[in-house]
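Since the structure comes first, as C-alpha cells, the remarks are kept for the end.
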Amino acid sequence: MPPNILFIGATGHIGAAVLDALLTAHPDLSIHAIIRSIADAEDLKDTYQTITTSVGDLSNLPLLESAASKAEIVINTAPDVGNTPSLTALLTGLVSSAGTPKFYLHTSGAARIWSPPESTHTWSDLDTAPLPTTTMHAAEDTLVQSFTSRHPNLHTAIISPTFVLGVSPSTRHKTPIIFPYLWAVLKDIGLFTVGGSGGENGTGVADTGKLAGLYVRLVENALKGNVDEGVWGWYWGNTWDGTFIEFLAMVKSVLEDVEEKGDEGSEVLERVVGGGEIADISVEKAIELMVKNMGGEEMYCRHIAEGFGLAMKVGADRARKVLGYDMAGLDGFGEAVRAMEGV
C-alpha cells in the first residue's frame with residue numbers, strides 16, 4: 001500500500017500544480033489534503049477521485065498535528081512566513097511515531113537571500129556557506145532544520161523558489177502571484193525599474209510546471225524510502241537567470257505577439273508596447289501604484305516592490321546534480337502573460 005501523504009496548500013498556485021503533476025505521474029497515491037473551505041474541498045475531490053480532505057486552516061493546530069501523525073510524507077506549499085505554530089504542529093505530528101522514515105517537503109522563498117542590486121554573488125544550494133539569519137523565511141527555515149537535526153528519522157527538503165511564473169490548475173491562483181503586482185505598476189508607468197537599480201539587478205524566475213516537477217521527484221525518492229542525505233536538503237527553485245530588465249523584455253515580447261495577432265489586451269499592453277523610455281521609480285511609488293490599482297495590502301506590496309529592485313541570483317545545482325533533474329526553461333511564461341491580458 002502506498003505511504004500516506006498529507007498535503008497542505010493544495011489549492012494555491014504552487015500547490016495545485018504540484019498536486020496535479022504528482023497524481024498525473026502516480027494516480028494511485030493516497031493523499032489527504034487539508035482545505036480551507038467546504039466548497040474548495042468538494043471541487044478538489046471532484047477533480048481527483050482518489051483524494052480525501054479535511055476542512056481547516058493553518059490556525060487549526062490540533063487538526064494539523066493529528067493529520068500529520070497519520071502520514072509518512074507531508075508536502076507543505078502553504079505560506080510559511082509567520083506560520084511557525086502550524087509548522088511546529090505538522091512536524092510534531094509527523095515525528096510522533098518513531099522508527100520509520102518520515103519525509104517533509106517545505107516551501108520557503110528566495111527572499112531569504114535578496115541582496116543589494118549591485119550584488120553579483122550566486123547562491124548555490126550545494127554550497128555549505130550559511131544563509132542570512134535575519135531575513136524573510138529565516139525563522140521558518142531554521143525551525144524545519146532544527147526539527148530535522150533532533151529527529152534522525154525525519155528527512156526534509158526545503159524548496160526555495162525565486163519569482164514563480166507560469167500557469168497552474170488552481171482555480172484561485174491560475175496566474176503567478178506576483179503578476180497582479182507587476183501589472184499594477186505597468187498599467188500606469190509602462191516598463192520600469194526600481195530604486196535606482198537600472199534594472200541590472202540579477203533576477204531569478206521559477207517556471208510553475210518545472211517547479212512542480214521538482215516536488216514530484218522528491219516525493220518519488222520518499223516513496224522509495226531513499227534517506228540519502230544528499231537528496232534531502234536545500235533546493236533553490238529556479239529555472240531562468242537574467243536581470244530585471246531582461247525579465248521585463250520577455251514580458252514585452254509576449255505582449256507584442258498578442259498585439260500582432262490582433263488580440264485585444266489591456267491598458268498594460270498599450271503602455272508596454274507603445275510606451276517610451278523606461279522609468280526608474282522609487283519603492284514607495286511602486287507600492288502606491290500596487291495599492292491603488294489592485295488594492296493590495298501595503299506590507300506585501302512593499303515586499304514585492306523591494307524584490308523588483310534587489311538581486312536574487314541562485315543556482316539550482318542540487319536538482320541537476322543529485323536528482324538528475326534539469327529545471328531550466330520557462331514553458332508556461334507566455335501563457336501566464338496572455339492569461340493576465342485575458343487572451
Side-chain angles (χ1 to χ4, degrees), residues 13 109-123 132 135-137 160-166 175-208 210-211 236-257 268-269 271-291 293-294 296 300-316 327-334 336-337 340-341:
H13 182 82
R112 179 77 186 269
I113 52 81
W114 283 359
S115 309
E118 67 274 10
S119 174
T120 58
H121 179 69
T122 298
W123 298 81
T135 49
M136 187 171 283
H137 303 290
S160 188
T162 49
F163 286 142
V164 180
L165 298 176
T175 54
I177 292 172
I178 73 159
F179 263 14
Y181 297 87
L182 179 65
W183 254 240
V185 181
L186 293 174
K187 178 180 177 181
D188 278 18
I189 301 291
L191 295 179
F192 68 97
T193 60
V194 176
S197 65
E200 294 302 319
N201 48 309
T203 298
V205 170
D207 178 82
T208 305
K210 294 279 189 179
L211 184 63
W236 292 117
N238 190 61
T239 65
W240 176 88
D241 288 298
T243 63
F244 184 70
I245 204 67
E246 288 171 339
F247 159 65
L248 289 182
M250 292 194 300
V251 173
K252 181 178 181 180
S253 177
V254 177
L255 293 177
E256 287 173 336
D257 183 62
V268 170
L269 186 149
R271 281 280 190 181
V272 171
V273 175
E277 294 184 0
I278 298 171
D280 185 76
I281 62 174
S282 67
V283 168
E284 298 303 323
K285 182 63 176 179
I287 294 169
E288 175 192 324
L289 294 174
M290 291 174 186
V291 172
N293 289 333
M294 64 165 291
Y300 197 68
C301 289
R302 179 171 298 279
H303 171 63
I304 297 295
E306 290 176 348
F308 286 162
L310 295 173
M312 176 173 48
K313 292 174 65 65
V314 301
M327 293 187 66
L330 287 176
D331 297 347
F333 183 80
V337 172
M340 284 298 298
E341 287 295 290

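- V337 places a side-chain heavy atom less than 4.5 Å from the side chain of F179.
- Separation of atoms CD1 (I287) and CZ (R302) is listed at 3.5 Å; rounding is to 0.5 Å.
- Not counting sequence neighbours, the partners of A111 by the side-chain contact (heavy atoms from CB on, under 4.5 Å) test are W114, M136, H137, H303.
- The CE atom of M312 lies 9.5 Å from the CG atom of D241; values are rounded to the nearest 0.5 Å.
- A 4.5 Å side-chain heavy-atom check between F163 and F308 finds at least one atom pair inside the cut-off.
- When all heavy atoms of G309 and S197 are compared, the pair lying nearest together is O-CB, 3.8 Å.
- Interatomic distance, M340 CE to L255 CG, rounded to the nearest 0.5 Å: 10.5 Å.
- Taking 4.5 Å as the limit, every side-chain heavy atom of P117 sits out of range of all side-chain heavy atoms of F244.
- By the 4.5 Å heavy-atom criterion applied to side chains, T175 and W183 are not counted as neighbours.
- You'll find the side chain of F333 stays beyond 4.5 Å of the side chain of S253, heavy atoms only.
- Judged by distance alone, the side chain of S160 and the main-chain N or O of G109 form a donor-acceptor pair under 3.5 Å.
- Considering all non-hydrogen atoms of both residues, E341 and V268 come closest at OE2-CB, 3.8 Å.
- Taken to the nearest 0.5 Å, the CD1 atom of I178 stands 4.5 Å off from the CG atom of L165.
- With hydrogens and angles ignored, the 3.5 Å screen pairs a side-chain donor or acceptor of N201 with a backbone N or O of L310.
- For G166 against P176, the heavy-atom pair with the smallest separation is O-CD, 3.1 Å.
- Heavy atoms only, all atoms of each residue included: G315 and W236 are closest at O-CD1, 3.5 Å.
- To the nearest 0.5 Å, atom CD of residue E246 and atom OG1 of residue T203 are 9.0 Å apart.
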Using residues 187-195 as the side-chain source, report each donor-acceptor pair under 3.5 Å to any protein atom, sequence neighbours left out, with the distance given to one decimal.
| residue | atom | partner | partner atom | Å |
| --- | --- | --- | --- | --- |
| D188 | OD2 | K292 | NZ | 2.4 |
| T193 | OG1 | D280 | OD1 | 2.6 |

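- Side-chain contact between R112 and W123 is absent, with no heavy atoms from C-beta onward closer than 4.5 Å.
- At least one side-chain heavy atom of I281 sits under 4.5 Å from a side-chain heavy atom of V185.
- Between D207 and D331, the shortest heavy-atom distance links the atoms OD1-N, 3.1 Å.
- Atom CG of residue L330 and atom OG1 of residue T239 lie 4.5 Å apart, to the nearest 0.5 angstrom.
- Taking all atoms of both residues into account, the shortest heavy-atom contact from G202 to K313 is CA-CG, 3.8 Å.
- In this structure, V272 and K252 have side chains that are in contact, with non-hydrogen atoms separated by less than 4.5 Å.
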